There are 2 protein chains.
Amino acid sequence: MAKERILVVDDEDDILELITFNLSREGYKVFTADNGEKAIKIAKSEIPDMIILDLMLPGIDGLEVARVLKSRDNTKAIPIIMLSAKGDESDIVSGLELGADDYVTKPFSPKILIARIRAVLRRKSDEISDENTPLHVHAFIIDPQRREVMVDENPVELTYTEFEVLHFLAKRPGWVFTRSQIVDAAKGDNYAVTDRSVDVQIVGLRKKLGDSGKFIETVRGVGYRFRERS
Amino acid sequence: MAKERILVVDDEDDILELITFNLSREGYKVFTADNGEKAIKIAKSEIPDMIILDLMLPGIDGLEVARVLKSRDNTKAIPIIMLSAKGDESDIVSGLELGADDYVTKPFSPKILIARIRAVLRRKSDEISDENTPLHVHAFIIDPQRREVMVDENPVELTYTEFEVLHFLAKRPGWVFTRSQIVDAAKGDNYAVTDRSVDVQIVGLRKKLGDSGKFIETVRGVGYRFRERS
DNA sequence: CTTCTTTACAGGAATCTTTCCCGAAAGTCA
DNA sequence: TGACTTTCGGGAAAGATTCCTGTAAAGAAG
């Protein structure tokens, strides 16, 4: 297995060092940057396999860095994990909508961070999924061709929107999606509704899924996610 | 849907296990063989729906196995996907010339392999489903040659379009089709009509089919489907 | 002219959205 | 740490909307 190359962006030296130490120990090759400009420069020249990006940066802030990277063809595919202070939900939401892959709130434990990195890299590597093949996740079989969901061998009747939402979430277990991303996925972009309507769909889904409803997790202040581990 | 039966041939235990695990999870019934002789024996006795065949085998090698299977009447129709180390292009070419259906180079991701398997099986089943053989589903017998439908032994008179629609839906029980897919199937692509006209055909069909009309199901917000389970 | 197909439309059912209330979780201040 | 405040999501129910059914009639095809 080739060692993945990871760019870490943070303006605090201790954090940079902490992360670098832990990632190196795990066998990753680490690049660092302590401000947004350097981050963008290194990302463009090195094209790392992943970027750990602090949102709070002097000068160009993290969101802006993410925006720039996601708008360039050669860097847009690089997965980004955001670091943010606890409570900055709005930044997290913006980041996710820009296309960031996950986030970790400070203060964090290196273990958590590494687990997230692994999860994101793994997801990226098997993202070759065909829009129409049945999706097997946990006890679920979600079949877009039949528009039918089986949970533990039992068929579950879902409405159009419920199906779309479940399928969307289940395609990427572990990913957090904002309500507006969910609406976009289910109804197409620019479909104007209140965010809260997503909540109602989620409630309905959980009810119909019964015990397995617990696989749809609420991420307070951010959105929803399909559970990754059983 | 009957679970397809797949024979996996490889001499490395880990690979065998990896593939078996993933295929089982997808609902396939898996047989295994760790050398060419066993592979041929099992293929002859079980007549699986597909064979995943490593080309690099001790004793009788994969190409030879393929040659043997393709030369016997009762096994020649079994589709074969070859596994080969990267770079063995010449073997791959020989294999394809022998009649193998596809190949995957090692190392491979289970997702890729499964996608290929699906594609090959799909192709095969399309070939088999002869456009003209009578279709036997539930209490229906749909005979494209005579353009005649029997329900519970009783003939039902259908108009041209009604017949096309029913036949199209019944060919793939359980699959949902949009109105425009149905129109395309019945009248050829690019035939311009309102989606609503499909509804009317459906209504007519249900009426003529009487009690069995319930096998044509409405999938709200999507289209129609022929019921799979009775 | 007869038969089949398509369009039009009203009625009604299913689904989706909004709204509001409550309780739980997180933040704040002492 | 504990009580108070604020924020956010769950749940229920009313309202709005979308979608399907079935009939009627116009339009094509033979």
Side-chain angles (χ1 to χ4, degrees), chain A residues 84-93 96 105-107 147 149 156-166 168-169 176-188 190-211 213-226, chain B residues 147 149 156-169 176-180 182-188 190-210 213-225:
Chain A
S84 80
K86 207 166 193 167
D88 280 2
E89 270 95 10
S90 65
D91 279 357
I92 292 172
V93 170
L96 289 173
T105 53
K106 289 182 178 182
R147 248 157 195 278
V149 174
V156 178
E157 293 275 329
L158 297 183
T159 67
Y160 178 83
T161 309
E162 286 167 349
F163 186 91
E164 291 296 317
V165 170
L166 179 62
F168 176 65
L169 293 177
V176 185
F177 293 100
T178 67
R179 290 177 172 72
S180 96
Q181 285 178 307
I182 294 172
V183 172
D184 287 354
K187 317 288 262 187
N190 307 93
Y191 184 89
V193 283
T194 314
D195 273 358
R196 299 308 308 277
S197 74
V198 174
D199 297 5
V200 180
Q201 296 295 343
I202 296 285
V203 170
L205 265 172
R206 286 188 179 141
K207 189 175 292 175
K208 289 189 181 175
L209 296 176
D211 213 31
K214 63 173 186 287
F215 283 103
I216 301 175
E217 298 180 323
T218 303
V219 183
R220 196 187 166 82
V222 183
Y224 294 95
R225 135 177 88 197
F226 192 88
Chain B
R147 300 223 126 237
V149 175
V156 178
E157 290 282 326
L158 297 183
T159 69
Y160 175 83
T161 308
E162 285 167 348
F163 187 90
E164 290 298 317
V165 172
L166 178 62
H167 186 215
F168 175 65
L169 292 177
V176 181
F177 296 97
T178 65
R179 291 176 172 73
S180 92
I182 295 172
V183 171
D184 287 354
K187 317 290 265 186
N190 307 95
Y191 184 88
V193 283
T194 313
D195 275 356
R196 311 265 102 272
S197 74
V198 175
D199 298 358
V200 180
Q201 297 296 342
I202 296 286
V203 170
L205 266 171
R206 284 188 179 141
K207 189 176 291 176
K208 290 188 181 173
L209 296 175
K214 63 172 186 287
F215 282 103
I216 301 176
E217 298 181 321
T218 303
V219 182
R220 185 167 237 272
V222 187
Y224 294 96
R225 134 176 90 198

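Below, chains carry the letters A, B, ... as their sequence lines are ordered, and counting in each starts from 1. Keep in mind it's a predicted model, so treat the numbers as computed, not measured.
- For A:Arg196, the side-chain contact (heavy atoms from CB on, under 4.5 Å) test picks out A:Thr194, A:Asp199, with sequence neighbours left out.
- Five base pairs at each end of the helix from C:dC1-D:dG30 to C:dA30-D:dT1 define two local axes, and these are offset by 50° (rounded to 10°).
- Between B:Leu169 and B:Tyr224, the closest heavy-atom pair is CD2-O, 4.1 Å.
- Distance CD1/A:Ile92 to OG/A:Ser84: 3.5 Å, rounded to 0.5 Å.
- With sequence neighbours left out, A:Lys106 forms a salt bridge (Lys or Arg N to Asp or Glu O under 4.0 Å) with A:Asp10, A:Glu12, A:Asp54.
- For A:Asp195, the side chain to side chain donor-acceptor pair (under 3.5 Å) test picks out no residue, with sequence neighbours left out.
- Between A:Thr161 and the phosphate of C:dC16, there is a side-chain N or O to OP1/OP2 separation shorter than 4.0 Å.
- In terms of position along DNA chain D, the nucleotide closest to A:Glu89 lies nearer the 5' end than the nucleotide closest to the other residue of the pair A:Glu89 and B:Arg179.
- Within the 4.0 angstrom heavy-atom criterion, base atoms lie near A:Ser197.
- Think of the region where chain B sits on DNA chain D: with heavy atoms and a 4.0 Å cut, that region ends 5' and 3' at D:dT18 to D:dT23.
- The existence of a salt bridge linking B:Glu164 and B:Arg147 is confirmed by a sub-4.0 Å separation between a basic side-chain nitrogen and an acidic carboxylate oxygen.
- Of the residues in residues 199-210 of chain A, those placing a heavy atom less than 4.0 Å from an atom of DNA chain C are A:Val200, A:Gln201, in numerical order.
- Each of A:Glu162 and B:Val193 was assigned the nucleotide of DNA chain C with the nearest heavy atom; the assignment lying further toward the 5' end belongs to B:Val193.
- C:dT5 atom C1' lies 15 Å from atom CG of B:Asp195, rounded to whole Å.
- Across all strands shown, B:Thr159 has heavy atoms under 4.0 Å from sugar-phosphate atoms exclusively, and none from any base.
- For A:Gln201, the side chain to side chain donor-acceptor pair (under 3.5 Å) criterion is met by no residue, not counting sequence neighbours.
- To the nearest 0.5 Å, atom CD of residue B:Glu217 and atom CZ of residue B:Arg225 are 5.0 Å apart.
- The side-chain contact (heavy atoms from CB on, under 4.5 Å) check on A:Glu89 picks up A:Val222, with sequence neighbours excluded.
- Here B:Tyr191 reaches the OP1 or OP2 of C:dT6: one of its side-chain N or O atoms lies under 4.0 Å away.
- One can place CG of B:Leu158 at 15 Å from C1' of C:dT5, the figure rounded to the nearest angstrom.
- Considering only residues two or more places apart in sequence or on other chains, A:Ser90 meets the side-chain contact (heavy atoms from CB on, under 4.5 Å) condition with none of them.
- Under the ring pair (Phe, Tyr, Trp, His ring centres under 6.0 Å) criterion, A:Phe215 pairs with A:His138, A:Phe140, not counting sequence neighbours.
- Side-chain atoms of B:Arg206 come within 3.5 Å of backbone atoms of B:Ile216 as a donor-acceptor pair (strictly under, hydrogens ignored).
- Qualifying side-chain contact (heavy atoms from CB on, under 4.5 Å) partners for A:Phe168, counting only residues two or more places apart in sequence or in other chains: A:Phe177, A:Ile182, A:Ala185.
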Check nucleotides 22-24 of chain C against the protein and report each pair of N or O atoms closer than 3.5 Å, with its distance, or say if there are none.
none

